[in-house]
Every structure is written in C-alpha cells, then in structure tokens.
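Notes follow once the structure below has been shown.
In the text below, chain A, chain B and the rest are named by the order of the sequence lines, each starting its count at 1.
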Amino acid sequence: MLDGPNTRKLEGVMVAVSNADRVVFPEVGRTKGEVVSYYERIAPRLLVHATGRPLSIRRFPKGLAGAGFFQKNVPDHYPASIERFTVSRSPRSNGSSRARAKKDAKPADVTIYPLVSEPEHLAYLANQGAIELHVTTSRAADLLHPDRIVIDLDPPKGALALVRKAALIARDALGEFGLDSIPVATGSKGYHVVAPIVPSVDLETLGLALQKFGALVAAKFPDELTTAFRIAERGKRVFVDWLRNRPLATVVSPYSLRATPRASVATPFAWSELEVVAPDTFTIDDLDRLLERGDPLAALAETPGDASFFVSKVDDAFDASGLVLEPFDRFRS
DNA sequence: GTATTCT
DNA sequence: AGAATACAACGCATC
DNA sequence: GATGCG
C-alpha cells in the first residue's frame, strides 16, 4: 500500500493500516480502517479513562465473523513507546514452597500489561484487530487502591425499564453512602453505575464493602435486584454484579467499541438522559455526537468521593441489617 | 495480526 | 513452505 | 476431571 488516508504516524514513521477495507462489522458494514479512525478521533476522550491503567484488549483480527480473543500480555513487537507494566499474578501463598522445576517456557507468574498514553497507541491496537478495550478500576501507579467503584447491572432479556430502575436504585444507594455517580451505557445489555473515589481504601476492603453493598440493595429491592450468582435463581431481576470489583478485574473502558453487531460504544451520560439513553444507544456512527457531548464521568472524576466514608457507612448499615454474606468469601483472610 | 512451533 | 497454534483468568457449579 | 458461565 502506498501512502494515503490509510497511513498513521507512529513513532515518527508513517505506518500503513493493513487491510483497511476489511469489513469488521458485517451487519453495519464498518471496516477496519473505520475502526482505526474511530479510535484515533475518540482518543482524547478515551485516554482520560484508560491512560495509566493496565489494559486488556479483545481482538478480532478477521472481523466479528471470525474468532476473537482477549489479550493482556504485550507482544514483543508492540512499539516501544507503549509502556509495559508488570504485575505478579496470583500472589500464591507467601513463599511458594514449590519452586518452578527447571525452566518453563512460561517465564513466571507475571502478566505484562500495556499502558497506553497516546492516540497513536490506540490506532496501533486497532490495526492489530483490537475492538474492545478493558481497564482496571485502579491505576498502575496505585494498583492496590481503586479510584473507581463500578456497579455492574446485568438485566435479564428485554428488561429495559427494569434496568433503568435498577440504575436509579444504585445511584440513590451510593448517594446514601456519600458517593456521587454517573451512568455508563455499556453498549451491551446493561448499565454501569460508576463512582470516582479517592484511592484511600485497599481493593480487598473495598471488594468486601461492595459485596455488602450489593446484599443491602438487593435486600431492600427484592423485586428488582438480586446478587444470585446462578441464573436460575435470578428470575426476572437485575443481577448486581459486585464481582466487577475483584482484584485486577476489568471493566470495559468508556468510549470503547463493543464487539456487537451494531458496533456500539460504551458511553457515559447524564442521569437526566436515563430515559432516552438505552445501554446500546451509541454506536461507531455517533462519533461526532460523542465528541460534542462532553464527558460527565470525566467531570465527576475531578471531585472523587470519600471511599473510607463509604466503606464505614456500608459496614454500619450491613451490621444493622442483620444480613449475612452468602458463599463467596474470597475476601476473608 | 504476528510470531512461533508443528508437519 | 505451509498449517497449526497462541494470544486472559478464575472460582464455582454442573455434569 | 472436564466443561460451562459470568
């Protein structure tokens, strides 16, 4: 390919977008070139939420019709300007007695995440076939202290009104514990309710508080919400997926494309728009609109909430409720 | 999409 | 040389 | 013990 519209500047070199005309989203006819272009232009918005956070990507090198896969580790061939951030995985019981016999092909129990910071990083990943970008709720610089709480609301099929109600319940409950929040249309079935916080609480303490939070709201609204892990137990209720806040768990980044037929976009919006914004309202074709809209989540993140206050209030409420935590006691010592 | 390993 | 394969991760539940 | 599932 010669130079032209399908080239990108990367580390001072013009790099061609390969297979720019390949159709990635068959149902709406969007091509790989359009995906790269989307990520270049949305970059200023997206990077606010993704820079400095360990990044996971979901790639579809042959388009949505082909097989896709997640990728965390940075391949050697990624440009040097994409920072690498090493995280030791499964801090298995201190002083793992059993040393790794001989040398394995697998280096060690570490994951080397990419940290993106520039628009061309996103363009590069898009050219690699990345569709979805997922980030952790804490920053690499302070990995053990999340700066966001994400309440993931997962509705049963065709329960739009219900999941809207659930979002309001989550907003009000967070508010009772001192946190302001912003809804995010995930591009899929549900909403995320996101509360930026000062990273003052370690992720396990916060994870336990969120488990309690989920139990509290589900108990208070038993017809609308459930924390039941098993689908059979959920009935026609919205699943409050408190597991989203597990150590190193990831959530889809705001402004990430989704690997859906319509090429939807995960989009933060204002509470006042809840009745007119469905979880999959925004798509790749709304790029200009998205850039015009402003970002209420980025705005709220400038005045993060008090995580310590939240945790103590949740603890108080939980103790007073007489509720008991169900299975999952991974947060115990 | 790219690198590595298999046949 | 061309085909196959890897590219996250994790407990829990179910079979 | 392998597979399903979020």
- Query: What's the closest nucleotide to the T111(A) side chain, out of dA8(C), dA9(C), dG6(D)?
  - Reply: dA9(C)

- Is R234(A) close enough and on-axis enough to F239(A), meaning under 6.0 Å and within 45°, for cation-pi? yes

- Tell me yes or no: between the side chains of H192(A) and R148(A), is some donor less than 3.5 Å from an acceptor? no

- chain A contact limits on DNA chain B, taken 5' to 3' with a cut-off of 4.0 angstrom to heavy atoms: dG1(B) to dA3(B)

- What do the steps show when you test D223(A) against K165(A) for salt bridge (Lys or Arg N to Asp or Glu O under 4.0 Å), and what is the final call? CA-CA 11 Å; D223(A) 294 332; K165(A) 193 171 181 180; over 6 Å; no

- Task: Using a 4.0 Å heavy-atom cut-off across all strands, classify D76(A) as base, sugar-phosphate, or nothing.
- Result: nothing

- Could you check whether Q128(A) gets within reach of a base, just the sugar-phosphate, or nothing at all, counting any heavy atom under 4.0 Å? sugar-phosphate

- How are the rings of Y124(A) and H77(A) set to each other: parallel, tilted or perpendicular (split at 30° and 60°)? tilted

- Query: Can you tell me how far C1' of dA9(C) sits from CG of L55(A), to the nearest Å?
  - Reply: 16 Å

- Query: Quantified in whole Å, what is the C1' atom distance between nucleotide dA9(C) and nucleotide dT3(D)?
  - Reply: 15 Å

- For H134(A) and dG6(D), what is the distance between atoms NE2 and P respectively, to the nearest whole Å? 15 Å

- Query: Contact class for K189(A) vs. all strands (heavy atom < 4.0 Å): base, sugar-phosphate, or nothing?
  - Reply: nothing

- Item | Cationic N near anionic O, under 4.0 Å, D288(A) to R41(A) | yes

- Query: Taking the P atom of each, how far is dT4(B) from dA8(C), in whole Å?
  - Reply: 15 Å

- Task: Round to a whole Å and report the spacing from CZ of R234(A) to P of dA13(C).
- Result: 13 Å

- Item | side-chain contact (heavy atoms from CB on, under 4.5 Å) assessment of Y255(A) paired with F282(A) | CA-CA 10 Å; Y255(A) 303 106; F282(A) 297 101; over 6 Å; no

- Query: Rounding to a whole Å, what distance do you find between I112(A):CD1 and dC7(C):P?
  - Reply: 14 Å

- Task: Using atom OH of Y113(A) as one end and atom P of dA8(C) as the other, report the distance to the nearest whole Å.
- Result: 9 Å

- Value in whole Å for how far the C1' atom of dA4(C) lies from CZ of F69(A): 15 Å

- Task: Please state how far atom NZ in K72(A) lies from atom P in dA6(C), giving the value in whole angstrom units.
- Result: 19 Å

- Task: Over 60° means perpendicular and under 30° means parallel, so classify the ring planes of F269(A) and Y191(A), tilted if in between.
- Result: tilted

- Task: Quick one: label R22(A) by what it contacts on the DNA or RNA (base, sugar-phosphate, nothing), any heavy atom closer than 4.0 Å.
- Result: sugar-phosphate

- Note on the structure: To the nearest angstrom, the CD-P distance between Q71(A) and dT5(C) comes to 19 Å

